[in-house]
Amino acid sequence: DFVWKNHANDPRLFIILRQLGGSLPSHKTEAFLKKVLDEGPGRDAQAAAAYNLARYYATLAHAHQRSQQIKQKEQE
């Protein structure tokens, strides 16, 4: 909420979106990316949010897969 409130129209928003796209999974990160996608200040920001939301979901899937591999090794 703080970032959105203070940086929604900031050109550096794209840098924030890029960083969040590859970050560790969190509900706040996902919510922020979705908010920019839905309410972004322009089509460029919304497109960047869509792209980085896809990157975020790929990171989430990878983290889940890695967690499953670790759990499987522990059971062996």
Side-chain angles (χ1 to χ4, degrees):
D1 291 337
F2 174 81
V3 174
W4 177 254
K5 186 177 179 180
N6 293 301
H7 299 287
N9 293 309
D10 189 329
R12 295 173 292 179
L13 179 64
F14 294 95
I15 296 169
I16 295 168
L17 294 174
R18 183 173 180 212
Q19 294 298 318
L20 292 176
S23 68
L24 293 175
S26 84
H27 295 291
K28 286 186 178 185
T29 296
E30 183 178 7
F32 180 76
L33 290 169
K34 285 181 176 181
K35 184 168 189 120
V36 177
L37 178 61
D38 293 339
E39 302 173 25
R43 297 182 104 185
D44 291 345
Q46 291 172 335
Y51 173 76
N52 285 294
L53 187 59
R55 286 182 60 230
Y56 170 82
Y57 286 138
T59 301
L60 180 65
H62 178 72
H64 177 72
Q65 184 181 40
R66 183 70 181 131
S67 176
Q68 292 298 329
Q69 289 172 346
I70 291 168
K71 189 183 291 185
Q72 194 173 31
K73 284 184 181 181
E74 289 175 351
Q75 293 176 353
E76 292 177 354

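Source: prediction; values computed, not measured. Sequential numbering from 1 along the given sequence is applied to the chain's residues.
- Two different hydrophobic clusters hold Tyr56 and Phe14 under the rule that ILVMFWY side chains link at heavy-atom gaps under 4.5 Å.
- Within the structure, side-chain hydrogen bond (donor to acceptor under 3.5 Å, both in side chains) pairs that include any residue of residues 65-76 comprise Arg66-Gln69 (at least two apart or interchain).
- Within the structure, the salt bridge (Lys or Arg N to Asp or Glu O under 4.0 Å) test picks out the following pairs touching residues 18-33 (sequence neighbours left out): Glu30-Lys34.
- For the atom pair CD1 (Ile16) and CG (Leu33), the distance works out to 10.5 Å, reported to the nearest 0.5 Å.
- When the side chains of ILVMFWY residues are joined at heavy-atom separations under 4.5 Å, either directly or via intervening members, Leu60 and Leu37 end up in a single hydrophobic cluster.
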Ignoring hydrogens and angles, write down the donor-acceptor pairs under 3.5 Å from the side chains of residues 38-45, residues two or more places apart or on other chains.
none

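- The side chain to side chain contact (heavy atoms under 4.5 Å, CB included) test with Val36 is passed by exactly one of Leu20, Asn52, Leu53, Leu13: Leu13.
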Apply side-chain contact (heavy atoms from CB on, under 4.5 Å) to residues Thr59 and Leu24 and explain how you reach the verdict.
CA-CA 7 Å; Thr59 301; Leu24 293 175; 5.6 Å; no
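- Minimum interatomic distance between Leu17 and Ala49 (heavy atoms only, all atoms of both residues): CD1-N, 3.9 Å.
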